[in-house]
Colleague: 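Below is a structure I'd like to ask you about.
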There are 2 protein chains.
Amino acid sequence: MTPSLDTIFAALADPTRRAILVMLLEDDMAVTDVADPFEMSLAAISKHLTILSRAGLISQEKRGRVKWCKLEPDALRDASIWMQSFGQFEAVNLDAFERFLETELSDPPPAND
Amino acid sequence: MTPSLDTIFAALADPTRRAILVMLLEDDMAVTDVADPFEMSLAAISKHLTILSRAGLISQEKRGRVKWCKLEPDALRDASIWMQSFGQFEAVNLDAFERFLETELSDPPPAND
DNA sequence: CCAATCGTCAACTAAATGGTTGAATATGGG
DNA sequence: CCCATATTCAACCATTTAGTTGACGATTGG
C-alpha cells in the first residue's frame, strides 16, 4: 500500500528527517553513518529512519550486518501533486531553490547546540 | 517572518486541515461555515485554522463578527521548492493530479463516521 | 437594548511524538 | 570461537497534539 499523505507530510515535518533526506541525495548510507553528524543517539536516528521508511521516502536493505538507506524520491510525488493543486506551478524558481537548499544544507540540526 | 518548513509540513500532515484547504480553493469562508461539514466542535476547527494561519497557508480577516478565511497559496512555495530538490519535476502529471484531487475531495474526514 | 450569533479562551484528557538508556540480536573478522 | 560492530528493542520520560466542554467577549439585528 502507498503511504498516506498524512504519513508523508508528517515525516517531512521534522528537520532531522529532512536533513537525512538531503544527506541521502548524495549517496546511499548505512544507518551508523547517517547518525554520525547528529548529536542524538543512534536509536533516535534509527527511529527517524523507520518513519522515513514507512512514509516510503527511503528504502532500507540489509546487506550483512549493515542496513543501507536509499532515497526513494517517487514517494514525494503524491505530496508534490497535492501541492500543485494550489497553483504552485510557477514555484519552480531555480534561484529560490538554490538559496533554499543552501540554507537547508548549512542550517540543519546536526551539531545544533 | 516566514513560517518554517517544520510548521508548513506539520500543518499539511493533518487530513482535516488539508480538507479545509481544499474547501478554501472554492472560495473564502467564515469560520462557522468551514466548521459546518465536520463532525468536530467549532473550537477544534478554530484551532486547526490557527495552525493553518501560523503556517501561512491561510489568512484570516475579521469583518464585523465574522472572520473570513482565505487561502494563501504562496506559502506552499517553500515546501514545494524543497520537494523539487528530489527530482520531482516530472511529478506534474495531470492525470495523477486529477485522480488525486478527486479522492481528496470525495474521501475527506467531513462526516467520516 | 437584548438576545442570538461568531469566534476564542481556559482547563482538561488521551494519545502521539521525539528523545533517552540499557539490553538484546545479528553478523563479520581475526 | 569470540569479540567487536551494526542495529533494533523495550521501557521510560517530557512535550506536543488533537480533541472535548463550558464560559467568555464582541458584534449585530430586531
Side-chain angles (χ1 to χ4, degrees), chain A residues 3-21 23-24 27-55 57-70 108-113, chain B residues 3-21 23-24 27-55 57-70 108-113:
Chain A
S4 67
L5 278 183
D6 287 28
T7 311
I8 296 170
F9 280 127
L12 293 174
D14 184 281
T16 299
R17 289 192 290 263
R18 287 197 310 278
I20 291 174
L21 292 179
M23 289 166 62
L24 290 177
D27 208 352
D28 300 357
M29 296 178 78
V31 173
T32 307
D33 295 333
V34 169
D36 201 50
F38 296 92
E39 287 192 330
M40 69 188 69
S41 68
L42 180 62
I45 296 295
S46 177
K47 283 189 192 178
H48 281 304
L49 290 169
T50 301
I51 290 169
L52 288 170
S53 188
R54 281 209 239 279
L57 292 165
I58 67 168
S59 58
Q60 294 183 285
E61 183 199 357
K62 194 164 177 183
R63 282 206 297 274
R65 60 183 165 181
V66 174
K67 203 168 189 178
W68 292 92
C69 306
K70 178 177 163 48
N112 65 335
D113 56 324
Chain B
S4 68
L5 278 183
D6 288 29
T7 311
I8 295 170
F9 280 128
L12 293 175
D14 184 281
T16 300
R17 289 193 289 265
R18 286 198 311 279
I20 291 174
L21 292 178
M23 288 166 63
L24 290 177
D27 208 352
D28 299 357
M29 295 179 78
V31 173
T32 307
D33 295 333
V34 170
D36 202 49
F38 296 91
E39 287 192 331
M40 69 187 70
S41 69
L42 180 61
I45 295 295
S46 177
K47 284 188 191 178
H48 280 305
L49 290 168
T50 301
I51 289 169
L52 289 170
S53 189
R54 281 209 237 280
L57 293 166
I58 66 168
S59 58
Q60 294 182 285
E61 184 198 356
K62 193 166 180 182
R63 281 205 299 274
R65 63 182 163 181
V66 173
K67 202 169 190 178
W68 292 92
C69 305
K70 178 177 161 49
N112 65 334
D113 56 321

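Here is how names work: the chains are called A, B, and so on, in the same order as the sequence lines, proteins then strands, and each is numbered from 1.
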Colleague: dC6(C), dT21(C), dA18(D): which one has an atom nearest the side-chain heavy atoms of Thr32(B)?
Modeller: dC6(C)
Colleague: Taking the nucleotide of DNA chain D with the nearest heavy atom to each, does Ala30(A) or His48(B) sit closer to the 5' end?
Modeller: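 Between the two, 5'-proximity favours Ala30(A).
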Colleague: For Glu39(B) and dG19(D), give me the distance from atom CD to atom P, rounded to whole Å.
Modeller: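 In whole Å, dG19(D) P lies 12 Å from Glu39(B) CD.
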Colleague: Whole angstrom is fine here: how far is it from CZ in Arg63(A) over to P in dT7(D)?
Modeller: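 Taking CZ of Arg63(A) and P of dT7(D), I get 12 Å after rounding.
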Colleague: Once you round to the nearest 0.5 Å, how far does CG of Asp27(B) lie from NZ of Lys70(B)?
Modeller: 9.5 Å
Colleague: Is the shortest side-chain heavy-atom distance between Asp28(B) and Cys69(B) below 4.5 Å?
Modeller: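 Answer no - side chains too far apart.
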Colleague: Need to verify one output field. Residue with the more 5' nearest nucleotide on DNA chain C, Val66(B) or Leu42(A)?
Modeller: Val66(B)
Colleague: When you measure from the side chain of Lys47(B), which nucleotide among dG18(C), dG22(C), dA11(C) comes out closest?
Modeller: dA11(C)
Colleague: Whole Å only: how far is the CZ atom of Arg18(B) from the P atom of dA18(D)?
Modeller: 12 Å
Colleague: In whole angstrom, give the distance that lies between atom CG of Leu49(A) and atom C1' of dC9(D).
Modeller: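 Nearest whole value for this atom pair: 15 Å.
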Colleague: Taking only the side-chain heavy atoms of Gln60(A) (C-beta and beyond), determine which of dG7(C), dG19(D), dT8(D) contains the nearest atom.
Modeller: dT8(D)
Colleague: Does a distance-only test, which skips hydrogens and angles, find a donor-acceptor pair under 3.5 Å between the side chain of Arg65(A) and the base of dT5(D)?
Modeller: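 Such a pair exists between side chain and base.
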Colleague: Expressed as a whole number of angstroms, how long is the span from Lys67(A):NZ to dT7(D):P?
Modeller: 9 Å
Colleague: Heavy-atom distance under 4.5 Å between the side chains of Gln60(A) and Trp68(A), does that happen here?
Modeller: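 Side chain of Gln60(A) against side chain of Trp68(A), heavy atoms only: no contact under 4.5 Å found.
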Colleague: What is the distance from CD1 of Ile45(B) to P of dG7(C), rounded to the nearest Å?
Modeller: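 Distance check: Ile45(B) CD1 to dG7(C) P gives 12 Å.
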Colleague: Would you kindly give the CE-to-P distance between Met40(B) and dT8(C), to the nearest whole Å?
Modeller: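 Between P of dT8(C) and CE of Met40(B): 15 Å.
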Colleague: Under 3.5 Å, is there a donor-acceptor pair between the side chain of Arg17(B) and the main chain of Leu12(B)?
Modeller: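 Not confirmed, Arg17(B) side chain does not pair with Leu12(B) backbone.
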Colleague: What is the distance, rounded to the nearest whole Å, between atom CH2 of Trp68(A) and atom P of dT7(D)?
Modeller: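 Distance, rounded to whole Å: 9 Å.
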Colleague: In a check of side chain to side chain contact (heavy atoms under 4.5 Å, CB included) between Arg54(B) and each of Thr50(B), Leu52(B), Ile58(B), Ile51(B), which one passes?
Modeller: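 Considering Thr50(B), Leu52(B), Ile58(B), Ile51(B), a side chain to side chain contact (heavy atoms under 4.5 Å, CB included) with Arg54(B) is found only for Thr50(B).
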Colleague: For dT8(D) and Ser46(A) - does any side-chain N or O of the residue sit under 4.0 Å from the phosphate oxygens OP1/OP2?
Modeller: yes
Colleague: Establish, with yes or no, whether the OP1 or OP2 oxygen of dG7(C) is under 4.0 angstrom from a side-chain nitrogen or oxygen of Lys62(B).
Modeller: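 No, Lys62(B) has no side-chain N/O under 4.0 Å of OP1/OP2 on dG7(C).
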Colleague: Nearest to the side chain of Val31(A) - dG7(C), dT20(C), dT8(D)?
Modeller: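 Selected nucleotide (nearest to the side chain): dT8(D).
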Colleague: Which part of the nucleic acid, if any, lies within contact of Ala10(B), taking any heavy atom under 4.0 Å across all strands shown: a base, the sugar-phosphate backbone alone, or nothing?
Modeller: nothing
